[in-house]
Every structure is written in C-alpha cells, then in structure tokens.
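Below: one structure, written as structure tokens.
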Amino acid sequence: MTSLSSPYPIADILFTLYLLVYSPLNSLWRSRHPASSKPFLPPLWSYWRQGRYVLVLLCVFLPVAWVGGYSAAELGLGPPLSQGGLWGLAAVGCLLLVVHLLGKRHERQITPEERVELDDKLRDLPFPVPRTRTETLACLVTTVGMTAAWELLYRGYLLLVLTPVTGLPLAIALAAVSYGAGHGYKNPKQFFGSIASAFAFTIGYAVSGNLWWLIVLHAAVPVAMVQAARKVAPSPSPSTDVVKV
C-alpha cells in the first residue's frame, strides 16, 4: 500500500492502513455503541471538537506527503481551471443552480406537515445550529474545512498510493467503501447511501484528476444544511449578534 515513488514506504503503509481500516471501523463501532448521554457543549466548542480530529490527521498527513515527495498536482490539487477541473466546476455550477431553483420552488409549496418533519430532521444535525455571526462563521469554516480535508485524504491521497499496487478499480473500491463506512451506521439506507455517494465522488476524481470541483460540491452540502437549519432555528433575542447566510 504505497506509492512506487515514496522513499519511506512505511509511512504510507501505516497512514493508509489507518485511513482504510482503523478509522472506518472506529466510526462504525462508535455509531453502534453511542454514549448513553452527551454533555451539553456551547456551539463554538462543539465545532472545535469536530474539527480537531481532522486537523490532527492533516498534521500527520503533511509529513507523510512531504517524505513521499507528493506534489499538489499528484494529490488532485492542481490548477482548478485544468481541463478536468473546468468540466467538473461547470457541472457542479449547473447542478447547484438546479438544486437551488428546485429548493426555492419546494419551499413555496411545502405543507405544514412537511415543515414539521423537516424541522425534526434539521434539529438532528451532527452540529449545533449557529445563531450568531461568530458561530455561523466558525460552523462554516469547520464544516467546509472538514469536507475539503476528507476529499484530499480519501480521494487524492488514497488513490495516489493505492493505484500502483492494487490497480485503479480496486483502489476506487477500497477508498469508497472505507470513506462510506467512516460515516458510521444508523440504518441500511444511510449506510449504503454513504457508500454509494462515496463511489460517485471517487469515480469523479478518478475521471477528472482534480479535487477542486469535488471540494466545492462536497462543501455545498454542509453550507446548505447550515442555511436550512438557520431558517428553522428559534429566533434569537434582538440583542444577539446574528447574520443571515
């Protein structure tokens, strides 16, 4: 499990095994054995707790990539306006525009029963709903940064180091299954849906060779969730520093 060009294969082997085996298995175990009670945390501290794990992973990844001599282009972070990146960004732009227009249309036609159901789903988000300007900024930075990091690690890095050893099809399968399983297990629909979307993103990267458009698409999901959650969140007091997103 190492790139043929790495002078220190042990670093790639250990880090790749962590991403492929330990991290998804740990997420699956934690999702099946949740804590009986979760302490209340202020939003800013909650965002920090979510983001610090990815930050630690990146701090480990940077020396691994440095000793391996991997360039930004090899990791999928080449110019976003390359041929693959351009096509990807154009597709993402069209998709987000269509989704936005359909969402606006559905928002005008939503029934009171559907709104109550939507409220329940949004209040079950894995992060507290931001209400102030500082909380909104912290939430967006955390969620967007985390999605970008996952793209780099599970698409750019894993396909780089696995493909010379396993071949591209198996590298895609390993990266996608491990990333999908890393979302944990709530029910079969959620579990297999996560794996299916991971396959779509990983194949998209394999075809384009560029991560930027996938980062934009992936980051658009938490941004939309924050926007939707803000709309159904209780209105703060007039003195609270709020911002619309």
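Computed over heavy atoms, backbone and side chain alike; hydrogens, waters and symmetry mates excluded. Count residues from 1 along the sequence.
Val207 pairs by the side-chain contact (heavy atoms from CB on, under 4.5 Å) definition with Ile203, not counting sequence neighbours. Every residue meeting the side-chain contact (heavy atoms from CB on, under 4.5 Å) condition with Arg30, not counting sequence neighbours, appears here in chain and number order: Asn26. With sequence neighbours excluded, the residues that form a side chain to side chain donor-acceptor pair (under 3.5 Å) with Trp213 are Ser208. With sequence neighbours excluded, the residues that form a side chain to side chain donor-acceptor pair (under 3.5 Å) with Ser23 are Tyr53. For Thr163, there are no side chain to side chain donor-acceptor pair (under 3.5 Å) partners at least two apart in sequence or on another chain. Leu44 meets the side-chain contact (heavy atoms from CB on, under 4.5 Å) test with Tyr47, Thr134, Glu135, Ala138; sequence neighbours excluded.
Within the 4.5 Å cutoff, the side chain of Leu159 has heavy atoms near those of the Leu168 side chain.
Taking CG from Asn210 and CG from Leu89, the interatomic distance works out to 7.0 Å, rounded to the nearest 0.5 Å. With rounding to the nearest 0.5 angstrom, the CG atom of Leu162 is 5.5 Å from the CG atom of Leu20. For the atom pair CG (Leu211) and CH2 (Trp150), the distance works out to 14.5 Å, reported to the nearest 0.5 Å. Taking OH of Tyr179 as the reference point, atom CG of Leu158 lies at 11.5 Å (rounded to 0.5 Å). The OH atom of Tyr70 sits 5.5 Å away from atom CG of Leu160, with the distance rounded to the nearest 0.5 Å. Between atom CD of residue Glu151 and atom CG of residue Leu75 there is a gap of 13.0 Å, rounded to the nearest 0.5 Å.
Hydrophobic clustering (ILVMFWY, side-chain heavy atoms < 4.5 Å, transitive): Ile13 and Leu174 are in one cluster. A continuous path of hydrophobic side-chain contacts links Val21 to Tyr185 [ILVMFWY only; heavy atoms under 4.5 Å]. Transitive grouping of hydrophobic side chains (ILVMFWY, heavy atoms separated by less than 4.5 Å) keeps Val144 and Val141 in distinct clusters.
Listed here is the closest heavy atom pair of Ala175 and Thr202: CB-CG2, 4.4 Å. Closest approach of Ala181 and Ser27 over heavy atoms only: O-CB, 4.2 Å. Shown here for Arg155 and Tyr205, the closest heavy-atom pair between the two residues is O-CE2, 3.5 Å. Residues Leu28 and Gly184 come closest through the heavy atom pair CD2-C, 3.8 Å.
Residue pairs meeting the salt bridge (Lys or Arg N to Asp or Glu O under 4.0 Å) criterion with at least one member in residues 200-218, sequence neighbours excluded, do not occur. Listed by first then second residue, pairs satisfying salt bridge (Lys or Arg N to Asp or Glu O under 4.0 Å) with a partner in residues 207-218 number zero, not counting sequence neighbours. Within the structure, the salt bridge (Lys or Arg N to Asp or Glu O under 4.0 Å) test picks out no pair touching residues 204-224 (sequence neighbours left out). Legend: salt bridge (Lys or Arg N to Asp or Glu O under 4.0 Å) pairs involving residues 192-217, not counting sequence neighbours: none detected.
A side-chain donor-acceptor contact under 3.5 Å links Trp212 to the backbone of Gly78. Between the side chain of Ser46 and the main chain of Pro42, no donor-acceptor pair closer than 3.5 Å is present. The closest donor-acceptor contact from the side chain of His218 to the backbone of Leu214 lies at 3.5 Å or more, if one exists at all.
Ring orientation note: the planes of Phe15 and Tyr18 are close to parallel, at an angle under 30° on the 30°/60° scale.
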Let me check something: any side-chain donor-acceptor pairs from residues 194-201 under 3.5 Å, sequence neighbours excluded? List them with distances.
residue : atom : partner : partner atom : Å
Ser194  : OG   : Gln190  : O            : 2.9
Ser194  : OG   : Gln190  : NE2          : 3.3
Ser197  : OG   : Gly193  : O            : 3.2
Ser197  : OG   : Ser194  : O            : 2.9

Contacts table for residues 57-68: side-chain donor-acceptor under 3.5 angstrom, sequence neighbours left out:
none

